[in-house]
Amino acid sequence: MEHLDTNQFENRMNARVRKNKIAKGVFFLATISGLIVLAILLIRVISQSIGWIDWNFLTGRLSTDAEQAGIMGAILGTAWLMLVVVPVTFILGVGTAIYIELYAKKGRVQSFIQTNIANLAGVPSIVYGLLGLTIFVRAMQLGNVVLAGGLTLSLLIMPIVVVSAQEALRSVPQDLSEASYGMGATKWQTIKKIILPAALPGIMTGTILALSRAIGETAPLTALGIPALLIPFPEGLFDTFTALPMQIYYWTLDAVLTEEYAYLAAATIVVLLLLLLLLNSIAIFIRNKFQQRY
Amino acid sequence: MANNNNKNNKINVSEMIANNKQKKSFSNITEKLVPALLFLITTVSILTTIGIIYTLLSEAIEFFRRVPIWDFFTGIELDPFGADPQFGILPLINGTIISTLIAMVVAGPIGLMTAIYLSEFASDKMRRTLKPLLEVLAGIPTIVYGFFAFTFLTPILQAVIPGLGLTNILSPGIIMGVMIIPMIASLSEDAMTSVPGSMREGALALGATKLEVSLKVVIPAALSGIISSFVLGISRAIGETMIVTIASGSSKDFTFDITQSMQTMTSYIVEITSGDASTGTTMYYSLYAVALTLFVFTLIMNLLARYISRKFREEY
């Protein structure tokens, strides 16, 4: 034991253990630093909105007088947008997922479509805005109406829906569909009555999460030229509209001129975040309640 | 009686066969119709890609007829509203790169440290609480981050850094970094947790501390996944729009001073579209040339991320 200097050994060992402990602390701090920013953001926004969110604010019309201004127009606009986005993305997303997973021949075509969707998911949302502006607003001459905005947002979130629907379809065990074929059912019968019902909770969860992404999107709407002016409430798919994020955008820009607008923006943010929270809770509820493990 | 019954049965059977045939031909039609219909739906995703590339290219080509492509990509002067409009994209590329760099300086180390903590140090319970909380960060709309950067972070930074403008590239860059943290953390953590436990245990058995295991075993083994998460983070920062639009202003100067206002490619697009540039003007076409450049930048980053994570993935 004489060649081993216990002192030196212990010193090195202790130093390494200490380093490990310090690193663990630093890594933990890094992890919660993001959460601290989140907490500050929420506290700040909520405290700014106190006293501004009331019945008048929720149901009122836009006004140049900050005390009188309300966001009913933006709430209705967002609701109309959802009326377009929900069915369109559901049909496009789930249809595409079924085709890729269950019909497309494995090989080039399938991997081409798959790569294409992965790339679409990485396209910046502002580019989708330009696509919508060029095709829906200008070429089809829809103007900056609910339908144009809804279709643009649908294309934007479609890749997310496709990917999550594919995962849900893949998680349905093969035994189920094989049993169905064994009973003499055709392919579409099997899909309609066995695979889709089993995958539905997963598909719904993914669609709702994608939807909450669409509701918060601002960039494509700015590209479409969606206004936040004193426009009448939208009453149909071909009416001009404004949406909650657009309202936040304009009020934030105006906050430089009139300080009250910052409070209006904060109050609108709280409404938007509550809406997102509601959607996310529904998604989590569906996942916990209906998703089966096989 | 028996005869009658037989007769009835026979009629029933032939009727049943006829019925079945009808049913079969109907379900035959649906069997063929459904895949065709689904294929049509699937083509929408391909049409979207074609639509993006076609609109960007066709309008950008018109722009390059008016402004030489060389001048566009090497011009450091951008002044679309002037009497003698100048269209050099370098100020925008500069703003985009600088904001992305700031974001990655924030998100890179914090994201990576978060990933190490979650995959190597945290207890199961800790991980299960922290991960969903972090994911909330990614679900906050970017407009909210923009508001936060502009009305909260900028005034604080102004108190600390003298000469910081009301709009500057520093504050949105930092907030953009915060937005990207969960993305880098979660993708890197996925790569690190897929490193097999036997490798960790081997190192631990040799007397390594957890820190040494993380730095010398897990990170090298998960490197391809970590790098691709960084590349995706960069792509995300390049394409981010609302945070920079609100908080970094619209100065088109070519500068490296991060305390000053700068414009990115994305915020230029917002400015020109919301200014309602009338169709046919050079300014209108410049929109598409900038968007095309942005599209190519992010596409390269996305393809690179996929390539790295595929090519260098270690198989265990």
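- Only the side chain of R306(B) has a heavy atom closer than 4.5 Å to any heavy atom of chain A.
- When each of L209(A), L155(A), N280(A), L130(A) is scored by its heavy-atom pairs under 4.5 Å with chain B, the top score falls to L130(A).
- Residue contact with chain A, scored on non-hydrogen atoms closer than 4.5 Å, is absent for E120(B).
- Looking at residues two or more places apart in sequence or on another chain, you find no salt bridge (charged side-chain N to carboxylate O under 4.0 Å, His left out) involving E135(B).
- Scored by the side chain to side chain donor-acceptor pair (under 3.5 Å) test, N20(A) finds no partners at all (sequence neighbours excluded).
- Of the listed residues T266(B), I46(B), I175(B), the one with more heavy-atom pairs under 4.5 angstrom with chain A than any other is I46(B).
- Of the atoms belonging to T186(A), heavy atoms from both backbone and side chain fall under 4.5 Å from chain B.
- A 4.5 Å side-chain heavy-atom check between I110(B) and S33(A) finds at least one atom pair inside the cut-off.
- For L299(B), the part sitting under 4.5 Å from any heavy atom of chain A is the side chain, from C-beta outward, and nothing else.
- At a 4.5 Å heavy-atom cutoff, T268(A) makes no contact with chain B through either its backbone or its side chain.
- In this structure, chain A has no heavy atom under 4.5 Å from any part of I238(B).
- With a 6.0 Å radius and a threshold of 12 heavy atoms from other residues, nucleotides or ligands, Y263(A) has its OH atom at or below the threshold.
- I32(A) CD1 to L133(B) CG: the interatomic distance, rounded to the nearest 0.5 Å, is 11.5 Å.
- Of all non-hydrogen atoms in E59(B) and T134(A), the two that sit nearest each other are OE2-CG2, 4.4 Å.
- Of all the listed residues (I135(A), L224(A), L29(A), I40(A)), the one sharing the greatest number of non-hydrogen pairs under 4.5 Å with chain B is I40(A).
- For a residue to count as touching a neighbouring chain, one of its non-hydrogen atoms must lie under 4.5 Å from one of that chain's; by this rule A223(A) touches chain B with backbone and side chain alike.
- For the pair L303(B) and N119(A), the minimum side-chain heavy-atom distance is below 4.5 Å.
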Check residues 144-152 of chain B and write down every donor-acceptor pair under 3.5 Å in which the side-chain atom is one partner and the other belongs to a residue at least two apart or another chain.
| residue | atom | partner | partner atom | Å |
| --- | --- | --- | --- | --- |
| Y145(B) | OH | L137(B) | O | 2.6 |
| T151(B) | OG1 | F147(B) | O | 2.8 |

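- Atom CH2 of residue W188(A) and atom CG of residue L38(B) lie 6.0 Å apart, to the nearest 0.5 angstrom.
- In terms of heavy-atom pairs under 4.5 angstrom with chain A, the leader among T209(B), T241(B), T30(B), V44(B) is T209(B).
- Listed options V37(A), I269(A), L102(A) were ranked by heavy-atom pairs under 4.5 angstrom with chain B; first place goes to I269(A).
- In this structure, chain B has heavy atoms under 4.5 Å from both the backbone and the side chain of L92(A).
- Put simply, the residue from L211(B), L118(B), T114(B) that forms a side-chain contact (heavy atoms from CB on, under 4.5 Å) with F27(A) is L211(B).
- Across all non-hydrogen atoms, the minimal contact from P141(B) to L272(A) is CG-CD2, 3.9 Å.
- Heavy-atom minimum distance, T42(B) versus G95(A): OG1-O, 4.3 Å.
- Minimum heavy-atom separation, T31(A) to L134(B): O-CD2, 4.1 Å.
- Your options are I191(A), L41(A), V127(A), I248(A), and the one with the most heavy-atom pairs under 4.5 Å with chain B is L41(A).
- Residues S235(B) and G122(A) come closest through the heavy atom pair OG-O, 4.5 Å.
- If you measure heavy-atom distances from L56(B) to chain A, the contacts under 4.5 Å come from the side chain alone.
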* Asked: Run the side-chain contact (heavy atoms from CB on, under 4.5 Å) check on K210(B) and K24(A) step by step: do they pass?
  -> CA-CA 9 Å; K210(B) 274 200 171 176; K24(A) 184 179 177 181; over 6 Å; no
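- The contact list for residues 242-250 of chain B toward chain A, using heavy atoms and a distance under 4.5 Å, reads M242(B), T245(B), I246(B) by residue number.
- Atom CG of L294(B) is separated from atom CD1 of I126(A) by 8.5 Å, given to the nearest 0.5 angstrom.
- For chain B, the option among T96(A), V94(A), I113(A) with the highest count of heavy-atom pairs below 4.5 Å is T96(A).
- Closest of all the heavy-atom pairs between R16(A) and G207(B) is NH2-O, 2.9 Å.
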* To do: Quick one: do V123(A) and T49(B) satisfy side-chain contact (heavy atoms from CB on, under 4.5 Å)? Show the steps, please.
  => CA-CA 10 Å; V123(A) 174; T49(B) 309; over 6 Å; no
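- Heavy-atom distances place no part of M301(B) under 4.5 Å from chain A, backbone and side chain included.
- For L133(A), the part lying under 4.5 angstrom from a heavy atom of chain B is the side chain only.
- With rounding to the nearest 0.5 Å, the separation of CD1 in I143(B) from OH in Y250(A) is 10.0 Å.
- No part of E217(A) comes within reach of chain B, as not one of its non-hydrogen atoms sits under 4.5 angstrom from that chain.
- No part of A97(A) comes within reach of chain B, as not one of its non-hydrogen atoms sits under 4.5 angstrom from that chain.
- Proximity to chain B involves both the backbone and the side chain of F28(A), based on heavy atoms less than 4.5 angstrom apart.
- Atom OH of Y54(B) is surrounded by 12 or fewer heavy atoms from other residues, nucleotides or ligands within 6.0 Å.
- Taking chain A as the reference chain and counting heavy-atom pairs below 4.5 Å, the highest number among I269(B), V178(B), I181(B) is found for I269(B).
- Counting heavy-atom pairs under 4.5 Å between each of V256(A), I98(A), L120(A), L273(A) and chain B puts L120(A) at the top.
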